[in-house]
Amino acid sequence: MTNAEINERIPKPIGESKPRLDNREKVTGAAIYADDLQFGNGLLFARILHSPHPHALIKSIDTSKAEALPGVKAVVTGDDFSGFLGLYLQDRNIFCRDRVRYVGDPVAGVAATSEEIAVNALELIEVEYEVLEPVLNPEEGVKPEAPLLHPDLSEYKVANFIFPQAGTNISNHFKIRKGDVDSAWEKCTTIVERKFRVPHIQHVPIETHIAIAQWDETGEITLWASSQSPFAQRNLIAQALGVSQSAVRVIAPKIGGGFGCKAGVSMEALVVAIASKTKGRPVKLALTREEEFYTAFVRQELIAYFKMGCDANGKILAMENTYYWGGGAYTEYGVNVTRAAGYSSTGPYEVPNVKADSICVYTNHPVGGAYRGFGMPEMHTGLEQCVDELAHKAGIDPVKIRSINCVKEGSITVTGFKMHPTGLSKCIEETAKAIQWGQKSPASAPNKRRGKGTAIMWKAPAMPPNAGSSAWVELAEDGTVNVGLGGQDLGQGAFTVMAQMAAAALGVPYESVRISSPVDTRYSPYEWQTVASRLTWSMGNAVVNAARDARRQVLDLVSEAWDEDPENLDIRDGVVVSYKSEQEQPLKNLVIYGLPKPDDQGWMGGPIIGRGKFMPTYVTGLDPETGQGTRSVVHYTTGSQSVEVEVDLDTGRVEVLRGVSAFDVGKAINPALVKAQMEGGFVQGMSSALFEEIKMVDGFCQNPSFVDYRIATTTDAPSDLQSIIVEVPQDDGPWGARGIGEHPMVPTAAAIANAIYDAVGIRMTSPPFSAEKIYLAMLDAGIVE
Amino acid sequence: MAYHKITFTINGEPEQIDVPSNMTLLRMLRERLGITGTKNGCSAGECGACTVMINGEPVNSCMILAVECDGSEIVTVEGLSENGNLAPIQEAIMESGGIQCGFCTPGILIASQALLNRNPNPNEAEIREALVGNLCRCTGYVRIVEAVQEAAQMV
Amino acid sequence: MHDAHPSLPEFDYIKPKTLAEASQFLAAHAGEARPLLGGTDIFVRMRDGVWKDKYIIDVKGLNGTNGISFDPVKGLTIGAAVTMNQVSAHPDVKKHYAVLADAVDKVASYQLRSRATIVGNICNASPAGDTIGACILLGGVLNVHGLDGARQEPLTTFFKGPGSTALKPGDVVTSLQLPLSPTGMVGKYFKLGRNKSSDLSIIGVTVLGFPDETAASGYRIKLAMASVAPVPLVVEKVEELLAARPVTDETIADAAKAAMEGCTPIDDVRASARYRKIMARNLSQKALTEIWNQLGR
């Protein structure tokens, strides 16, 4: 849509907070999630034998005793499946073949008639390992003497924008070399240098990973999965098994949260593989919560070194940032996190001189996948604290330094991409105003200290340059609309906003639109993945195109029947109207049966079926040595968060009193849903800032359960959360819309850390900012005794 | 392993069933009775997704054996509405936007209804304390708390 | 935990009809049978494979296990099967044993407290047990039915180590008895977890106090701590210090310091020993000050 088109009237129900279309089934318990599907007595239950070592060679596996156990229908190992899996880098087998690379790596799988028998069968599998020295830290992993996790790295298939380094543990290295940092330091009056360590965290969807697979006698596979990515799962599993994508059918029922962990392929491949040996009986694999913590995808860990400098006016002149990403045992997905952090490595600022290295390193830790924010929360946690520190050191207000340096329309970004119109400055202004920046409010007790902090962010959808969406629109005899799409509603409300957009583009009431779900790759149109905050924009465009195509077909038909120019026709509230002759014709019947020719001379038209697609065509490559290119990304969503905290001097405990978010979403298709993302993202960000860490010791997760992996509860979340919508339209978004799903989690940890600094003068360089860490830091700094 | 014949009512309907000793109430509901509204989030009594009402009290159904429920009255999320009429808390949570993925919703609704049953006019702190055993990862809890406040007003 | 069973492993559920039957079965199957009250500890450990009992003996409903009653002479008797929510809501508990209600309200979540029991919390003997401190300081005594019949076990000598108590095979605890609390007694439980509520304690401090003319200061103030020692810890020194001299901010500070010095916390996944020790002092300081304020300084 051009800006001119956007400036036309915005049709209803765009911009209305319509109620979710799946509300009722969710409150009555009728909504069907993967584990609710009924398969009858033929269903088999799978359990996986996991590696007990962080790094080891597999010398032998004896499954004979397990196979002999009555009730066991299949036992498989890596010997049975030689194919590779991977979204950007195919570095992973379905089951380990010669080597295990993390505690949790799948070594064997069993299907049995009951879960109990499957559990017992696992105990009968004998595996001999030769334990190897593990790599436990990405900075250790890049050293030449580090043990090599993937000796065959050079042989893996890899996307052409990822650069693994053979003979090392480095699976990607993204570089920015822009301007001249070395001489820029001399022009800086203030320089700040800091190291930050962000540990692994897990997504913690309340529904763990669940998948059921079944092969029929012709070799066609059906996979039911709690999934964000039915089409990507179809594609990757088909490739790994060496079968046609059309032979793999993926059905995605309601999903109990994803946050990125149910994107790509992880445990789904295991159950498909096991089911290949069960003679057509379906097999279910449900991860326990413990397995969800240590065998499913996690977020990468990051060790980041920042150096940045500004001149006397607060203009940031240079940044030198090095990011060591602990990608875990397999980085098939994480290599792109590295890249995304590289091409966004300055944060949302215009910096003329940049040296950045974003390095993805194999470690013998759980597998880093896609996690809400895709590298941005980890990076901003340290970067936004450095900007604060720079401001303090230079004697400039931290909000002011951001306003000076933040990207604006026309700014040259870190890759040379010229920034599109953005409301970032407005976001900064709004959150500062809402938090009453600059005013200190009194602490609630003598043993407490209050502080305020701000952090800003940017993020672009991280995906291949040619990730596409498609949609169809058809109508029933009574004029109601059915929209086919391939993306998932994870809870963000995608189905609701797609129905709103289809209704607006077609000219029918919102209530008459249904989304064809669950997504089923046999019947639904293609969608790359539900990730990257891309659906509202990309799938939205496809749905709008499909609806407009249907609309055109209807108007062409009616214009012929009425002998009028289609320019004078419109569809409003499900009725075709002529502005010229004032004739009206409801969509009813004509959308299936067409319209009669005059004098009973036959019929014209037929079933209306609109189709639409969207794929960005303008993302260019980036120079592998400098990271420069014409267009690194499709667009950036930007935003700001300000928080007020209170620190308890007796315990170190931080209470987040209130938070304000402002994000530029281009156009809020459904404002209530946009605000709900801001609230949920804030609390998830706050939770990661204060509580969350996968505690790894020598490659073993110490806290794989809710008892010791704490997430925010009702009493931790603040009641005062303000969400401000800023709208600077995106030129190619539907009515200007841009994504929001990930962004509200990105700046939160940094904003809280900056507020802690404001309160007690302690710089927190490693989340979680637990009460203990803060107290002991205050103690060591002499702030408390 | 021993089996036990038990009888109970579920959402007002009497049932009788034979269950093994180690079957939790959650498993019995989902796997034997096909009542799948109640969800499994952790099997360890931590997340609250499995919350049901037993004799009026909210309980994590993953932490109680089916056999222990002999003679009990059990209410699940499916039992909150009557003849298709939703309970105030169900209407309120739809209205306030307190549902995203919906997986925590059944447990939240039962725990909230149980709260309103014992405390018809709770303040915000009481609401948050009563729901501390229900983890939600999507919403940030704001609109859930609003829903309970609204439901309290609706009665 | 890495090998947690998806649900629960196999076992036989036994519901004995009498205490004698229960004791006999438990003794006959010592090492592979366990009494069941609320299940909130048992089921977690069985899933984790820590406890592998073949028999789970449901002792709820046996003689003396149900019901909570207050007697103006004997004090409060809490049946083993009484849930924590029932204890907290009971008017006599709120009136005469407020410190226990306060501790109960800080355990886990409302759902868990619909099942968890005080007696179960005690018998589980975790040093982190939130309600144990109050029960000890209140002078609690367990009524136990064993192979040799009924006996009593005072809580002061009940705890041997983490998870280890004076109970023998065949023992079934039927109730907890709390003697009448002294007039004018006030008490509170202070808990520090990683997040605001529902966590296991990093450290917990139970304080209660009452006017007592036999004390030089005129007051008896007692303090117990959770999660700082292998067993729930009563710091006798606190009572001594605050009984010997008039209670002032200085003596409170000394008592808080004594609490810190009296405990031996460890490093674990939840917190470090260093932090726990200092928090022992800070939380005790806070607790003692608040109780002193309530006693009417």
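In what follows, every chain begins at residue 1, and chains take the letters A, B, ... in the order their sequences are listed. Here the structure is a predicted model, which means the values were calculated and not measured.
Among all heavy-atom pairs drawn from Leu490(A) and Cys101(B), the shortest one is O-CB, 3.2 Å. The heavy-atom pair separating Gly102(B) from Tyr33(A) by the smallest distance is C-OH, 3.2 Å. Closest approach of Gly256(A) and Phe103(B) over heavy atoms only: CA-CB, 3.7 Å. In plain terms, the two heavy atoms of Leu109(B) and Val27(A) that are nearest each other are CD1-O, 3.4 Å. For the pair Arg137(B) and His203(A), the tightest heavy-atom approach, listed with the atom from each and the gap, is NE-O, 2.8 Å. In this structure, Tyr141(B) and Ala712(A) approach most closely via the heavy-atom pair OH-O, 2.8 Å.
A side-chain donor-acceptor contact under 3.5 Å links Ser719(A) and Glu124(B).
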Does the side-chain contact (heavy atoms from CB on, under 4.5 Å) test come out yes or no for Val77(B) and Thr28(A), once each step is laid out? CA-CA 6 Å; Val77(B) 65; Thr28(A) 56; over 6 Å; no
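Among Arg20(A), Lys675(A), Gln38(A), the residue with the largest count of heavy-atom pairs under 4.5 Å with chain B is Arg20(A). If you tally non-hydrogen atom pairs under 4.5 Å between each of Leu721(A), Asp716(A), Val204(A) and chain B, the highest count goes to Val204(A). Annotation: maximal heavy-atom pairing with chain B below 4.5 Å, among Thr288(A), Thr715(A), Ile32(A), occurs at Thr715(A). Put simply, of Leu135(B), Thr139(B), Leu131(B), the one with the most heavy-atom pairs under 4.5 Å next to chain A is Leu135(B). Comparing Gly493(A), Gly681(A), Ala676(A) by heavy-atom pairs within less than 4.5 Å of chain B, the highest count is held by Ala676(A). Of the listed residues (Ile93(B), Asn22(B), Leu86(B), Asn134(B)), the greatest number of heavy-atom pairs within a distance under 4.5 Å of chain A belongs to Leu86(B). When Cys138(B), Pro106(B), Gly97(B) are compared by the number of non-hydrogen pairs under 4.5 Å with chain A, Cys138(B) comes out ahead. For the options Val132(B), Ile35(B), Thr105(B), heavy-atom pairs under 4.5 Å to chain A are most numerous at Val132(B). Taking Glu146(B), Glu78(B), Lys39(B), Glu91(B) one by one and counting their heavy-atom pairs under 4.5 Å with chain A, the maximum is reached by Lys39(B). Ranked by heavy-atom pairs under 4.5 Å with chain B, the first of Asp720(A), Thr208(A), Ile711(A) is Ile711(A). Across Glu129(B), Met94(B), Gln90(B), Glu31(B), the residue that shares the most heavy-atom pairs under 4.5 angstrom with chain A is Met94(B). With chain B as partner, the option from Leu673(A), Asp22(A), Val683(A), Ile206(A) having the largest number of non-hydrogen pairs under 4.5 angstrom is Ile206(A).
For Ala31(A), the part lying under 4.5 angstrom from a heavy atom of chain B is the backbone only. Proximity to chain A is absent for every atom of Val145(B), based on heavy atoms less than 4.5 angstrom apart. If you measure heavy-atom distances from Glu115(A) to chain B, the contacts under 4.5 Å come from the side chain alone. With a threshold of 4.5 angstrom between heavy atoms, Ser17(A) does not approach chain B through any atom at all.
Checking each of Lys26(A), Glu679(A), Gln677(A), Gln492(A) against Gln100(B) for a side-chain hydrogen bond (donor to acceptor under 3.5 Å, both in side chains) leaves exactly one that passes, namely Gln677(A).
Heavy atoms of other residues, nucleotides or ligands lying less than 6.0 angstrom from OH of Tyr3(B) number 12 at most.
Remark: Asp36(A) engages Arg30(B) in a salt bridge, criterion side-chain N to carboxylate O under 4.0 Å.
Side-chain atoms of Arg128(B) come within 3.5 Å of backbone atoms of Thr714(A) as a donor-acceptor pair (strictly under, hydrogens ignored).
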